[in-house]
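Counting starts at 1 for both ligands and their atoms, following the listed order. Just so it is clear, the values below take in all heavy atoms, side chains as well, and ignore hydrogens, waters and symmetry mates.
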Amino acid sequence: MAGRNHLFVPGPTNTPHDVLSAMHLPMEDHRSPIFPKLLFPILQDLKTTFRTETGQCFVFPATGTAGWEVALTNCLNMGDKVLIYRFGQFGHLWAEAARRLGFDVEVHQVEWGKGIPLDHLEARLKDDKNHEIKAVLATHNETSTGVTSSIPGVRKALDAAHHPALLFVDGVSSIASIEFRQDEWGVDAAISGSQKGFMLPAGLAILGFSQKALAAAGTSNFPRSFFSLQDMAASNKDGYTPYTPSTPMLHGLKKALELLLAEGMDTVYARHYRLAEGVRRAVAAWGLQLCAHPGFESDTVTAVVVPADKDARDVISTAYSKYNLSLGAGLSEVAGKVFRIGHIGDMNEVALLGAIAGVEMAMLDHSFDIKAGSGVGAALEYYRSAAR
Ligand SMILES: *Cc1c(COP(=O)(O)O)cnc(C)c1O
């Protein structure tokens, strides 16, 4: 098909040209004296994107899924009890990973479309008088439903209960795009990956650990080898890695961090809000509902619920085959019920208006009761007027 594919899945996201160029280079010696000149600035700049000064950032050649495992196996002891709320596919998979690793996983089901119920969490933590719960696992941005939960709210619940549990946050689709403040929110392990807000191909698990989490890693009895934080920290101290790093990915990450810091994290957050709000105006103009309940709307991905007599898979398939537009599918419980528009990473108004137009055409092709141009019109009026 002529023209480019329009990638609007919520990961992998679009990689900026400057980042692609930075990755296009010959292989190099990762034990050379100049390698630390590549790694040190990355580990430093990552701290700015995680908003941590007291913590430490790490990069593993892996993906976000591995990030869950790095946090769990380094900072907890074998069989420890962890608490998680499940309201989407990624929370489900994280709980499942913890279960497979032998942790005692307390899962609370929450309606898909809602986020972490803070009152319930606070009550449960107050109830846990013996402090059996060793970690709270919080999905900041549930990518499958387009739901953002309040991490400051989770911290408040822990503090109100005077509970010492570690706070692990899955920020794979929020860090470097939606406001995230590791130090201020008291996040002990923050987990991300390269192919969402960091605008790179998949291939890196990117993490931030508090001093409290690093101390826990020092005493943990959980066996780990490849994902050992201690091995990584020992090598990183001198600017190296315990095994062969993907040097092109590191060059790409260095460039991506330069782009993010040049824009400024607060400006990045504001841009994601503005872009998301335009999509939400379009959805409202179509007369459709978000999967996210009010107050939980994500600024990186919008899951749109189709009317009961429609199948979201038809919209996704027509968008792809007829208009060269890639949308996110509904996963698991919401398969066929929602399609997702990713607006995370290297994105701007005009690109997103193209996606909104493509969605509109695909829905019209499947006889949705919408007016041609209604969503595009609502979004573009918002983008023209929105402060930037
Ligand atoms: C994408 C994603 C993951 C999984 O990351 P992979 O890189 O695919 O392993 C985990 N959590 C959330 C919230 C995600 O969006």
Side-chain angles (χ1 to χ4, degrees), residues 7-15 50 58-73 82 84-101 107 110 112-116 136-151 154 167-180 187 189-208 226-227 246 249 252-253 256 272 276 291-292 296-303 326-334 338 340-345 347:
L7 186 64
F8 286 84
V9 296
T13 65
N14 296 278
T15 301
F50 280 66
F58 295 88
V59 177
F60 285 87
T63 73
T65 300
W68 295 332
E69 191 162 328
V70 173
L72 291 165
T73 60
V82 300
I84 185 168
Y85 291 90
R86 175 160 57 194
F87 42 85
Q89 183 65 3
F90 291 102
H92 165 73
L93 291 172
W94 196 6
E96 183 58 16
R99 193 191 62 75
R100 288 192 196 175
L101 290 166
V107 184
V110 174
W112 287 36
K114 291 185 176 171
I116 299 169
V136 173
L137 316 188
T139 307
H140 185 201
N141 189 71
E142 179 46 81
T143 318
S144 63
T145 54
V147 159
T148 302
S149 288
S150 168
I151 301 305
V154 173
L167 172 55
F168 295 173
V169 176
D170 176 343
V172 177
S173 61
S174 61
I175 293 172
S177 43
I178 295 177
E179 182 177 35
F180 188 89
V187 175
I191 298 149
S192 194
S194 48
Q195 80 278 22
K196 312 259 169 103
F198 289 102
M199 310 178 286
L200 289 158
L204 300 176
I206 304 173
L207 299 109
F226 184 79
F227 289 134
S246 168
M249 285 294 285
L253 179 55
H272 280 84
C291 181
F296 291 112
E297 301 92 339
S298 165
D299 287 342
T300 54
V301 52
T302 299
S326 290
L327 300 171
L331 304 173
S332 176
E333 279 188 32
V334 290
V338 310
R340 295 175 299 149
I341 305 171
H343 30 83
I344 170 170
M347 186 61 60

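- Applying the side-chain hydrogen bond (donor to acceptor under 3.5 Å, both in side chains) test to every pair with at least one member in residues 170-179, sequence neighbours left out, gives these pairs: W68-D170, H140-S174, N141-S173, T143-S173, E179-R181.
- For the pair K196 and F90, the cation sits on the ring face: its NZ or CZ lies under 6.0 Å from the ring centre, inside 45° of the axis.
- Residues of the protein with a heavy atom under 4.0 Å from ligand 1 are T63, G64, T65, W68, F90, N141, T143, D170, V172, S173, Q195, K196, listed by chain and number.
- For the atom pair OG1 of T300 and NE2 of H343, the computed distance is 7.0 Å after rounding to the nearest 0.5 Å.
- For the atom pair CD of Q89 and CD of E333, the computed distance is 9.0 Å after rounding to the nearest 0.5 Å.
- The OG1 atom of T139 sits 5.0 Å away from atom CD1 of I84, with the distance rounded to the nearest 0.5 Å.
- Counting heavy atoms from C-beta on, the side chains of L200 and L253 come closer than 4.5 Å.
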